[in-house]
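Below is one structure; the comments refer to it alone.
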Amino acid sequence: MKKFTNFEIARLLRNVAVSYQLKDEKKYRFQIIAYNKAADAIEVSPVQLQDIYLEEEKLDKISGVGPSIAAHIQELFNKGRVDHFQDIMKGVPEAIFPLLDVPNFGPKKAYKIVSIFKLSDPDTVTEEVEKLANSGRIAELEGFGKKSEEDLLTGITQFKEGKTKSNRMALPFAHAIGEQIVDYLKKNPKVKRVEMLGSLRRMRDTIGDVDLAVASNDAGNVIDYFVKYPRIERLIEKGPVSASFVANGGAQIDLMVQSEKRFGALLQHFTGSKQHNVALRERAVRSGFSLSERGIKEVKSGRLHEFANEKDFYKFLGLPYIEPELREDRGEIDAALRQAQGKFPGLPKLIEVTDIKGDLHTHTNFNIEPSHDLGKNSMQEMTEKARSMGYEYIGFADHNPSTSGHNADDITKLIKKRGKEIEHLNESNKDVRVYNLLEIDILPNGDLPLNNEQLNMLEGAIVSLHSAFTQDREKITQRILKGLSHPKVRIFGHPTGRLINSRAGADADWDSIFSFCRQEDIALEINSASQRLDLSDVMVKRAIEAGCRVIIDTDSHSVEGFSMMKYGVAVARRGWCEKRNVVNTLPGKEFEKWMLK
DNA sequence: GCCGTTTTCGGCCCGACTGTTTTCAGTCG
């Protein structure tokens, strides 16, 4: 039987919503909302539905999934299809669905074009529409025109360049672009405040557009200045209070300007997430308030309250300030409410970058003839860098020597030689404690490529997956548990092995793995490397709820890599981590006790 | 179709922008 991922299920539910919308938007208004809401919830769910369905049939535990949709999903797992969905989707041409991922195409336009021109092949529909548009046939349709035909062509061009509605940049890449433009904007004296918005401000692991907000009482001046940004590639639009352009190799940058006295409401609104805002508004509307980017309106009198900062906005609603990283409708509003009433547990006191005392997963250029890549900088240079970061300790975790070109004696010699080098370093550097670690592959059968003697020459081991990610669940779970079982193992490096936009992580029984890590006090790594950010935010939340501790590392292969720490910390914050949940916030002596346990 | 600090029934978030239109439909965030 085919397995369905959460992503596929979410897509199916969205297609059902679209079908309802095309059949009778008024009549099915609330089904449309319900199906889309369920899709949103399932897409971000930390557990794969296919798993909980097999284990305990608790699908409607997910908020937004009720008895009806849960039953349909059960049917999907059992039969591979859902009769009710097929009924609803009857008469809706299959060829519209691929178009829905193309910018500027919505259900109505896609449906109109596909049915009038009788397009039926989902695989070629995008090219066919492009041809029609190029020959001017779309502009002739009622409700379309020359301009909308152009917009659709622009959308198709973007789509072909890889910018689908669902394709997103990795956070560090988008954040770096955002920072550059923020710096640029700050040079304009009319700019009173600048903030990033949307998923970028919430530090989500992937980002669509780079959205920015400026507080200023001279919007025209700021917009003119904004569109003169030197790295601009193509201007998209420029209005009196907002503008957009493409820059830095295809990223879309949007700016909104608002007066200082309303800046708080703008910030709150466009930081989102959508789900957080919807939940907030549903609560507010029951008390007679309507929330928007302009402020909070009293519905009866129509009086608008304005807010210069977000803190006051939340305060007006009777809530403490909620950090952007928590605004995902994952329980933060209830927690804020409890906190306001003096009940427990309230909002977490999130970890800060300045709490970090060391980076344990770094690679040096010491040639240990490793199984994977070397770092670029020397042990000395890496230590200097750690000192300049204010760290109390650092771990060198070069990859283990490759087993192909070496016999056991060679490997022992290499590890010994490297150990001596680190000893020397510790004698000459009294203020930064250097740990002698290695990053060791968990081989496909769960063995480690080092023997006991070799492992015992280390102060600790990071173990991680670097191959065979697609083993089935049972096999990969046993493999990981076996790999973690040596007493020298202190850290499970980038646990799922996912690469953003290119490789799904391992499909393992994470509950069992978390429970083992808790027992052995092994830290689960949050790896800050751009394409990894692994564990992910939802997995971190699950891990600490299971009683585990995490460690935030950069996996630096050069001194430049150290600056990635803030992204790992962001993942931790999104996973509701406090300082106490993260082992590398411990002061030197306590950390040593944990590492050498 | 979902859900509960007015509710197991009767509600269900808000607004901007654009283009094609003479008052609104579609898309987006």
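Only heavy atoms go into these numbers, but all of them, side chains included; no hydrogens, no water, no symmetry mates.
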*asked:* Whether the side chain of A:Glu149 engages the backbone of A:Ile138 through a donor-acceptor N/O pair (distance < 3.5 Å, no angle test) should be reported.
replied: yes
*A:Arg574 (side chain) donor-acceptor with A:Arg202 (main chain) under 3.5 angstrom*: yes
_At 4.0 Å (heavy atoms only), tell me whether A:Lys112 reaches a base, stays on the sugar-phosphate, or touches nothing._
nothing
*Looking at every strand, decide which applies to A:Ile32 at a 4.0 Å heavy-atom threshold: base, sugar-phosphate, or nothing.*
nothing
*C1' spacing across the pair B:dT8 / B:dC3, given as an integer number of angstrom*: 9 Å
*At under 4.0 Å, does any side-chain N or O of A:Ser63 touch on OP1 or OP2 of B:dC2?*
no
*Please state whether the phosphate of B:dG29, meaning OP1 or OP2, lies under 4.0 angstrom from any side-chain nitrogen or oxygen of A:Lys274.*
no
*For A:Phe144, report the nucleic acid contact type (base, sugar-phosphate, nothing); a contact means any heavy atom under 4.0 Å.*
sugar-phosphate
*Indicate whether A:Phe30 forms a stack on B:dC12; treat it as stacked only if centroid distance is below 5.5 angstrom and interplanar angle below 30 degrees.*
yes
*Assign A:Gly64 to base, sugar-phosphate, or nothing according to its heavy-atom contacts below 4.0 angstrom with the strands shown.*
sugar-phosphate
_I'd like the P distance from B:dT18 over to B:dC12, given in whole Å._
30 Å
*Integer angstrom distance from the P of B:dG26 to that of B:dT20*: 13 Å
*asked:* OP1 or OP2 of B:dG19 versus the side-chain N and O atoms of A:Lys147: is any pair under 4.0 Å?
replied: yes
_Under-4.0 Å side-chain N/O to phosphate OP1/OP2 contact, A:Ser68 with B:dG1_ = yes
*Atom CG of A:Leu291 to atom C1' of B:dC13: distance rounded to whole Å?*
8 Å
_Flag, side chain of A:Asp211 to backbone of A:Gly198, donor-acceptor distance under 3.5 Å_ = no
*Between A:His84 and B:dG1, is there a side-chain N or O to OP1/OP2 distance below 4.0 Å?*
yes
*Pick the nucleotide of DNA chain B nearest each of A:Lys238 and A:Asn277; which residue has the one closer to the 5' end?*
A:Asn277
*Under-4.0 Å side-chain N/O to phosphate OP1/OP2 contact, A:Ser290 with B:dC14*: yes
*Quickly work out the A:Glu282 CD to B:dG11 C1' distance and round it to whole Å.*
10 Å
*Which part of the nucleic acid, if any, lies within reach of A:Glu25 when heavy atoms closer than 4.0 Å are counted: base, sugar-phosphate only, or nothing?*
nothing
*Which class fits the ring pair A:Phe4 and A:Phe77: parallel under 30°, tilted 30 to 60°, perpendicular over 60°?*
tilted
